[in-house]
Amino acid sequence: MNHVTQMPDRRPAQVRKGAAATTAPRPADARARRRPTSPQGAAWAFLAPVTLYLALFYAYPLYRNLDLSLRDYTVRSFVQGDAPFTGLANYTKVFDDPTFAPALLHTVVFTAVCLVFQYAIGLALAVFFHQHFRLSATLRALFLVPWLLPLIVSASTWSWMLNSDSGIVNAALHAVGVGPVNWLTSPDWSLTSVILANIWIGVPFNLVVLYSGLQSIPASLYEAAALDGANAWQRFWRITFPLLRPVSAITLLLGLVYTLKVFDIIWIMTKGGPADSSTTFATWSYQLGFGNLLPAFGPGAAVGNLLVVAALVFGLIYLKVQRKQALS
């Protein structure tokens, strides 16, 4: 019967320990191999801060505004939280209010006129500065000043310029033989005054976005068109304007959303007056909710929700148009 004798390990103790350490897996490495990191878990980890931000600063305020518009809130019930549910009664009250029709008209006129002139002037300036002449960068920077100023500063400056008695605009009109105009105190001119101020403030935004869009158009297209005998207008209409269509769409959409909610300029310059001649949905919502001794929180929230729905509708239209263009 054969006996196999096991030879003792004569290696030094340090060598034996090192060999054991290299062969035996460490606990941390073993756990890492057993539980690999999930790509889906990492994606949710990155999305968590954005999701939390949207929930706290967008979803919850929208929910609260919707709740305000569906209940009969007073100052007492607003504090205690026991306002009765009234359904669409606040919306009915808003639609029946005699201020609704003028405010809707002023909102449409204010938004449409501002968008058209801001885009047209911004596009003209973007094409002008795209020529890269001397001092082009300096003048572009100066045109950004209205956009960088706080709105309270811009509105106060325009209020001083359009003052009926001491304003620089009436002084210039007097110099050319035109009588003074009550820009801020006349129902015929108050809406025009706030439109002029808002156009001045919004032109730099259109200039910056459209100028960046012009930078992406290849110069070879203009060179080829020039060799074919196209003049400046033909190059703009057949090259610049069509290729700027995606940038123009997002510029107009952002301008629409911004203009719909303009409040600071109108409130500082005219407070929506005189006689509601410059009242828009934004200023009317504020007047209902905070401008009276007995605030009407429900109707004020309802008017604000109308603005949200209008912005949402135009956003969906933009997405549908973009999808059609992508498919075609």
Under 3.5 Å, is there a donor-acceptor pair between the Asn305 and Ser69 side chains? yes
Identify the heavy atoms of Leu115 and Gly255 that sit nearest to each other, and give their distance. CD2-C, 3.5 Å
Taking everything shown except Ile168 itself, do over 12 heavy atoms lie less than 6.0 Å from its CD1? no
Distance, nearest 0.5 Å, that separates CD1 of Ile265 from CD1 of Ile199: 10.5 Å
Ser248 versus Tyr119: any side-chain heavy-atom pair under 4.5 Å? yes
Heavy-atom side-chain contact between Asn170 and Trp183 under 4.5 Å: yes
Apply side chain to side chain contact (heavy atoms under 4.5 Å, CB included) to residues Asn206 and Ile121 and explain how you reach the verdict. CA-CA 8 Å; Asn206 287 259; Ile121 298 173; over 6 Å; no
Distance from Phe297 atom CZ to Asp72 atom CG, nearest 0.5 Å? 11.5 Å
Any sub-3.5 Å donor-acceptor pair from Asp97's side-chain atoms to Thr99's backbone N or O? yes
Please test Leu184 against Ser159 for side chain to side chain contact (heavy atoms under 4.5 Å, CB included), starting from the C-alpha separation and ending with a verdict. CA-CA 8 Å; Leu184 304 178; Ser159 297; 4.2 Å; yes
Is there side-chain contact between Trp158 and Val194, with heavy atoms separated by less than 4.5 Å? no
Counting neighbours of CZ on Phe129 that are heavy atoms of other residues, nucleotides or ligands and sit closer than 6.0 Å, is the number greater than 12? yes
Measure from the side-chain N and O atoms of Gln234 to the backbone N and O of Asn231, and report whether any donor-acceptor pair falls under 3.5 Å. yes
Give the ring-plane orientation class for Phe95 versus Phe100, where under 30° counts as parallel, over 60° as perpendicular and anything between as tilted. perpendicular
Locate the shortest heavy-atom distance separating Phe143 from Pro146; write the atom from each residue and the value. O-CD, 3.2 Å
Could you go step by step and tell me if Tyr222 and Ile217 meet the side chain to side chain contact (heavy atoms under 4.5 Å, CB included) rule? CA-CA 9 Å; Tyr222 295 104; Ile217 299 178; 3.6 Å; yes
Any donor-acceptor N/O pair, Ser156 side chain to Val153 backbone, under 3.5 Å: no
With no hydrogens and no angle check, is any side-chain donor or acceptor of Arg235 less than 3.5 Å from a backbone partner on Ala225? no
Using a 4.5 Å cut-off on heavy atoms from C-beta on, say whether the side chain of Val209 contacts that of Val247. yes
Nearest-0.5 Å distance that lies between atom CG in Leu123 and atom CG in Leu207: 10.0 Å
Shortest non-hydrogen contact from Pro204 toward Trp147: CB-CB, 3.6 Å
Chi angles and distances behind the side chain to side chain contact (heavy atoms under 4.5 Å, CB included) call for Phe117, Val203: CA-CA 8 Å; Phe117 280 92; Val203 164; over 6 Å; no
Can you tell me how far the OG1 atom of Thr283 sits from the NE2 atom of His106, to the nearest 0.5 Å? 9.5 Å
Once you round to the nearest 0.5 Å, how far does CH2 of Trp237 lie from CD1 of Ile239? 13.5 Å
Going hydrophobic residue to hydrophobic residue with side-chain gaps under 4.5 angstrom, can you get from Val127 over to Tyr211? no
For Tyr258, I'd like to know if atom OH has over 12 heavy atoms of other residues, nucleotides or ligands within 6.0 Å. yes
Gly213 backbone acceptor or donor facing Ser216 side chain under 3.5 Å: yes
Regarding Thr157 and Ser154, is there a side-chain donor-to-acceptor distance under 3.5 Å anywhere? no
Is it the case that the side chain of Asn182 and the backbone of Thr185 share a donor-acceptor pair, with hydrogens and angles ignored and the cut-off at 3.5 Å? no
Please determine whether a side-chain nitrogen of the Lys or Arg among Arg71 and Asp67 lies less than 4.0 Å from a carboxylate oxygen of the Asp or Glu. yes
When clusters are formed from ILVMFWY side-chain contacts under 4.5 Å, directly or step by step, what else is grouped with Tyr58? Val50, Leu52, Tyr53, Leu54, Leu56, Phe57
Within this structure, what is the CH2-CD1 distance for the pair Trp189 and Ile195, rounded to the nearest 0.5 Å? 11.5 Å
Parallel, tilted or perpendicular: which fits the ring planes of Phe263 and Tyr286, with parallel below 30° and perpendicular above 60°? tilted
When you measure from the side chain of Thr86 to the backbone N and O of Ala89, does any donor-acceptor pair fall under 3.5 Å? no
Can you find a pair of side-chain heavy atoms, one from His130 and one from Gln215, that are under 4.5 Å apart? yes
For Ala302 and Val94, work out which heavy atoms get closest and say how close. CB-CG2, 4.1 Å
Group every Ile, Leu, Val, Met, Phe, Trp and Tyr by side-chain heavy-atom contacts under 4.5 Å, then state whether Leu125 and Leu148 land in the same group. no
Check the surroundings of atom CG in Leu105: do more than 12 heavy atoms from other residues, nucleotides or ligands lie under 6.0 Å from it? yes
Among the clusters formed by ILVMFWY side chains lying less than 4.5 Å apart, do Phe290 and Leu288 turn up in the same one? no
Joint cluster assignment, Val181 & Leu162, ILVMFWY side-chain distance < 4.5 Å: yes
How about Gln118 and Trp200: do any of their side-chain heavy atoms sit closer than 4.5 Å? no
Are any of the side-chain heavy atoms of Ile266 and Phe110 separated by less than 4.5 Å? yes
Of all residues at least two apart in sequence or in a different chain, which pass the side-chain hydrogen bond (donor to acceptor under 3.5 Å, both in side chains) check with Thr279? Asp276
Is the closest side-chain heavy-atom distance between Leu66 and Leu62 below 4.5 Å? no
Hey, does the side chain of Ser277 reach the backbone of Ser190 with a donor-acceptor pair shorter than 3.5 angstrom? no
Which is it for Ser278 and Thr270 under the side-chain hydrogen bond (donor to acceptor under 3.5 Å, both in side chains) test, yes or no, and what are the steps along the way? CA-CA 7 Å; Ser278 59; Thr270 65; 2.7 Å; yes
Over all atoms of both residues, closest heavy-atom pair of Ala155 and Met269: O-CG, 3.7 Å
Locate the shortest heavy-atom distance separating Ala301 from Leu68; write the atom from each residue and the value. CB-CB, 3.6 Å
Do Leu260 and Leu151 sit in the same hydrophobic cluster, where Ile, Leu, Val, Met, Phe, Trp and Tyr count as joined when their side-chain heavy atoms come under 4.5 Å apart? no
When you measure from the side chain of Ser285 to the backbone N and O of Phe281, does any donor-acceptor pair fall under 3.5 Å? no
